[in-house]
Enquirer: 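Mind looking over this structure? Questions follow.
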Amino acid sequence: MTINIRPEIEALEREIIAIRRDIHKHPELGFDVGRTANLVAQFLVSCGIEVRTGVGKTGVVGTLKGGKPGPTIALRADMDALPIQETNDVEYKSVHEGIMHACGHDGHTAMLLGAAKVLAERRERIKGTVRFLFQPAEEGDGGARYMIEDGCLDGVDEIYGLHLWNFQPFGQIGVKSGPILASADIFEIQVNGRGGHGAAPQGTVDAVVVSAHLVTALQTIVSRNTNPIESTVVTVGKIAGGDNFNIIADKVVLKGTTRAYTEQNRQMIKRRLREIMAGIGQAYNARIEMDYEDGYPPTINNEQAYRKVLAAARRIVGNGASEPYLSMGGEDFAYYLKEVPGCFFFIGSAPVGREPMSVPHHCSYFDINERALLVGASVFVQLIDDLLIAS
Ligand SMILES: [Zn+2]
Ligand SMILES: [Zn+2]
C-alpha cells in the first residue's frame, strides 16, 4: 500500500497534529464552540484568509479568493464534541469533565486548517474561490441549517466534506455516488389504555400488552414493507410504563429512531408507523399517539462530484479509494447537499495496531490514527488543485 501524502501537507504534519490535540484537549458542545471557533478564525487570518465569524450562531467562514475568476468550491469541517467522559490515558486527554471529541470533529477541523494554509500559499494560481466552512452543532442540533440560513452557501457551486472513519483501516478512502448516510428521525409513541387490578383484566385495556404487539408489528416495516435490496431501520430504544407486578398499566411510552437512505423510504416508514399504530389501537381499544420529529435527511452524493472525489482520492491512496464501509448513521452535511451538488466521503482512520471496528465513534476510548489527518488534508488540496488550478 503506497500512500502519497501531498508534500506540502507532509511538511505541516506537526502543526496539523498539534492543532488536533489542542482541540481534543479542549472539547466544546453543540453551538457552544467559542474557543475552537476563535482558534479557527485566528489561524485563517494568519494565513491571509478573509474571515467571517458568528455564522450559524458560532460558525466560522473563511473565503480565499484566487488570482483569477472561476467557480466557488466550499470545503466543510465540523467543530463540536460529545457529552462523553473520555477514558483514554493520553497526553491530550480532554480536560473538560464529561465532554470529549469522540467522533473525530477535532481532526476534521485540523485537516481543513492544514489544507487552508497550503491553498492560501498558492492563491495566485487558483481560478475561482475556496470557501472554508467550520460549523458548530453537527451532533444533533443541525448546525448546518443555521450556517445555510446565514448565507454560507451564497455563490457556492459545489461542496465537499469528509469524516474520519474508524470502521475502515488507515489508507482507505470510502466514497460512493448516491446515498452515503441515512436519514435519522426520532419518534415517541404513547399507548393509552385503562388500568386496573392485575388479577381482574376484564374491562381494562392493558397498555403493556398493546405495546408488545406494537413493537412486534413495527418490525414488519423493515422486514415486509422495505424492498429487500434497500435498507431501513426502525429501532424502539426505550420503553417505559407500568407501576407494579399486580397493576395493569394504563400508559406506556415508546421512544425510537428510524433510518433510511432515500426520502421515499423515509416517508414510507412514517406512513406505516401511523397505520400500524391506528390498526393496533383499534384492535385492542387503546388510544395511541405519536410525536414524530424529522431529523437529518439522507446524505446523497452527486454523481459528478463523486467522480471528482474518487479521482483526487486515487491520487493520494491509489486503490485504497473505493466503496465505503456503510452505516445507517446520519450527518447534517445532508442539508448542504440539498442546496448544492457535492460529495461526502470517509477517511479510514482506525488507530495503529487496532482492528477497524474495535474503536468505534461515540465511545469513551475513541481515538484515531493521526496520519489519517494528512490523508484527508491531502485530498482537500488535491481536489482544489484538480478543480480550480489544473482545469
Ligand atoms: Zn458523531
Ligand atoms: Zn461526526
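Residues: numbered from 1 along the sequence shown. Given the structure is predicted, the values throughout are model-derived calculations rather than measurements. Read the numbers this way: they start at 1 and go in the same order the structure lists the ligands and their atoms.
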Enquirer: Do the side chains of Glu275 and Arg271 get close enough for a salt bridge, i.e. N-O under 4.0 angstrom?
Expert: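 Yes, this pair counts.
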
Enquirer: Do Arg287 and Glu289 meet the salt-bridge criterion of a basic N to acidic O distance under 4.0 Å?
Expert: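 Yes, this pair counts.
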
Enquirer: Sorted by chain and residue number, which protein N/O/S atoms are under 2.8 Å from the Zn ion (ligand 2)?
Expert: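 N, O, S partners closer than 2.8 Å: Cys103 SG, His105 NE2, His163 NE2.
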
Enquirer: Any salt bridge linking Arg76 with Asp78? Criterion: basic side-chain nitrogen under 4.0 Å from a carboxylate oxygen.
Expert: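 Result for this pair is yes, salt bridge flagged.
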
Enquirer: Do any pairs count as a salt bridge (charged side-chain N to carboxylate O under 4.0 Å, His left out) and have a residue in residues 84-96, sequence neighbours left out, and if so which ones?
Expert: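 Counting only pairs at least two positions apart or across chains, the salt bridge (charged side-chain N to carboxylate O under 4.0 Å, His left out) contacts touching residues 84-96 are Arg21-Glu91.
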
Enquirer: Less than 4.0 Å between a side-chain N and a carboxylate O, is that true for Lys270 and Asp294?
Expert: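 A salt bridge links Asp294 with Lys270.
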
Enquirer: Do His108 and Phe134 have ring centroids that are under 6.0 Å from one another?
Expert: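 Not close enough - the centres of the two rings lie 6.0 Å or further apart.
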
